[in-house]
Amino acid sequence: MPELPEVETTKQGLIPLLGQQITAVNIRQHRLRQLVPNELHQSVGAQCLSLSRRGKYIILQTSQGNILIHLGMSGSLRLCSPQEEYRKHDHVTLNFDNQLSLRYHDPRRFGLFLWLNTDPLQHALIASLGVEPLATDFTADYLYQKSRNKKLAIKQFIMDSHIVVGVGNIYANEALFASKIHPLTPSNQLQLADYQRLQRHIVDILSAAIIRGGTTLRDFVNSQGEMGYFQQELMVYGKEGQPCIICQKPLQLVRINKRSTIYCSQCQPAFCS
DNA sequence: AAAGACACCTGTCCGC
DNA sequence: TGCGGACAGGTGTCTT
């Protein structure tokens with residue numbers, strides 16, 4: 001479900017929780033990517049101090065510890081009344097003293113809901129992450145240097161969270177199309193000029209998607225239950241066989257690392273060595 | 001150290 | 001209508 005714009009949209013939707021005190025915790029399903037720890041109950045009585053995001057992880061800092069959330073493939077967070085009925089796959093609930101209930105919903109349970117007594121930025125999952133795509137250290141030169149000894153497909157390279165965080169399957173497809181780069185091109189065969197286009201388009205596409213509230217596929221909604229509108233601006237993702245918006249040639253599908261990859265064989269020519 | 005296989009799960013859709 | 005298989009927005013670990 002969520003890529004970086006969806007996670008950012010979700011995080012912004014949690015702002016009503018700032019300054020509020022946690023009054024109750026209910027864990028209905030422990031078995032996510034990692035077990036939801038019973039120590040999460042230590043958050044009862046804690047006040048929410050800040051919200052932040054690192055990659056696709058949401059960090060809720062409280063007066064007694066930190067909550068680390070990842071939405072995986074199918075997770076979502078919503079704010080609702082504490083009286084609202086639980087839905088199937090509502091695994092974790094936090095109630096707050098302003099009569100809001102935070103529900104973590106995740107059918108596939110690939111997500112994460114952790115309680116940390118230590119600095120979340122030092123947590124192994126966070127500390128090993130690459131640069132933020134919307135930060136100043138995400139540059140064409142950074143990508144170029146990092147790619148010199150890697151010959152894996154450029155699509156896999158930009159989707160590697162240890163290189164740059166937040167570029168998931170949808171936006172990787174879109175950024176490569178906008179950059180006119182074939183997704184199978186070995187990353188070490190692209191030149192600095194290629195990375196300049198790619199870097200710029202990754203930033204532009206992620207930024208535009210955040211402004212639109214993310215991409216709604218199937219049932220993704222933000223914490224307010226609203227859908228995103230970036231889907232209307234997708235050029236290639238989910239459009240196999242449809243004419244390329246630039247040259248009208250039908251878009252092609254190739255699987256890279258088991259992930260659907262849509263591209264235009266004319267606008268994104270295969271690399272020739 | 002890079003790169004590939006595999007793991008974790010459920011829901012939906014498509015063809016028979 | 002039912003069933004099996006493929007596929008879905010992610011990411012970690014293990015093996016080669």
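Note that these values count all heavy atoms, side chains included, but never hydrogens, waters or copies made by symmetry. Note that the coordinates shown come from a computational prediction; the quantities given were computed from them, not determined experimentally. Every chain is numbered from 1 and lettered A, B, ... according to where its sequence line falls, protein lines coming before strand lines.
With respect to A:Asp90 and A:Arg78, a salt bridge is recorded, a charged nitrogen being found less than 4.0 Å from a carboxylate O. The pair A:Lys56-A:Glu6 does not count as a salt bridge, with every side-chain nitrogen at least 4.0 angstrom from each carboxylate oxygen.
The distance from atom CG of A:Leu68 to atom P of C:dG12 is 11 Å, rounded to the nearest whole Å. In this entry the distance linking CG of A:Asp160 with P of C:dT11 reads 10 Å, nearest Å. One atom, CZ of A:Phe157, and another, P of B:dA1, lie 16 Å apart when rounded to the nearest Å. Rounded to a whole Å, the CD1 atom of A:Ile163 is 13 Å from the P atom of B:dA1. Distance CG (A:Leu112) to P (C:dG12): 9 Å, rounded to an integer number of Å. Rounded to whole Å, atom C1' of B:dA7 lies 12 Å from atom NZ of A:Lys258. If you measure from atom CZ of A:Arg212 to atom C1' of C:dG9, you get 19 Å, rounded to the nearest angstrom. A straight line from CG of A:Leu152 to P of B:dA1 spans 16 Å, rounded to a whole angstrom.
Counting non-hydrogen atoms under 4.0 angstrom, A:His162 reaches the backbone sugars and phosphates but no base. Across all strands shown, A:Leu32 has no heavy atoms under 4.0 Å from either base or sugar-phosphate atoms. Here A:Tyr57 lies in heavy-atom contact (under 4.0 Å) with sugar-phosphate atoms only.
Taking the P atoms as reference points, C:dA6 lies 14 Å from B:dC6, given to the whole Å. Comparing the P positions of C:dC3 and B:dC9 gives an interatomic distance of 24 Å, to the nearest angstrom.
For the pair A:His70 and C:dG10, the criterion of a side-chain N or O lying under 4.0 Å from OP1 or OP2 is not met. Put simply, A:Arg259 has a side-chain N or O that comes within less than 4.0 Å of OP1 or OP2 on C:dG10. Residue A:Lys151 places none of its side-chain N or O atoms closer than 4.0 Å to OP1 or OP2 of B:dA2. Between A:Asn149 and B:dA1 there is no side-chain polar atom (N or O) within less than 4.0 angstrom of OP1 or OP2. Close to B:dT10, at under 4.0 Å from its OP1 or OP2, lies no side-chain N or O of A:Lys88. When the side-chain nitrogen and oxygen atoms of A:His89 are compared with OP1 and OP2 of B:dG11, one or more of them lie within a distance under 4.0 Å. The side chain of A:Arg33 places no N or O atom within less than 4.0 Å of a non-bridging phosphate oxygen (OP1 or OP2) of B:dA7.
In this structure, the nucleotide among C:dG9, B:dC9, C:dA8 sitting nearest to the side chain of A:Arg255 is C:dA8. Taking only side-chain atoms of A:Gln156, from C-beta outward, the nucleotide of C:dG10, B:dG11, B:dG4 with the closest atom is B:dG4. Listed nucleotides C:dG12, B:dG11, B:dT10 differ in distance to A:Arg109; the shortest reach to its side chain belongs to B:dT10. Side chain of A:Ser260, nearest nucleotide from C:dA8, C:dG12, B:dG11: C:dA8.
A cation-pi arrangement is absent between A:Arg197 and A:Tyr195 under the rule of less than 6.0 angstrom and at most 45 degrees off the ring axis.
Note: A:His182 and A:Tyr263 meet the aromatic proximity criterion, with ring centroids under 6.0 Å apart.
A donor and an acceptor atom, one from each side chain of A:Thr62 and A:Gln64, are nowhere located under 3.5 Å apart.
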Test A:Val165 against A:Val131 for side-chain contact (heavy atoms from CB on, under 4.5 Å), laying out the working first.
CA-CA 6 Å; A:Val165 297; A:Val131 303; over 6 Å; no
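Ring-base stacking between A:Phe110 and B:dC8 is satisfied, the centre separation being under 5.5 Å and the plane angle under 30°.
With both pairing distances under 3.5 Å, C:dG10 is matched to B:dC8 as a Watson-Crick or G-U wobble pair.
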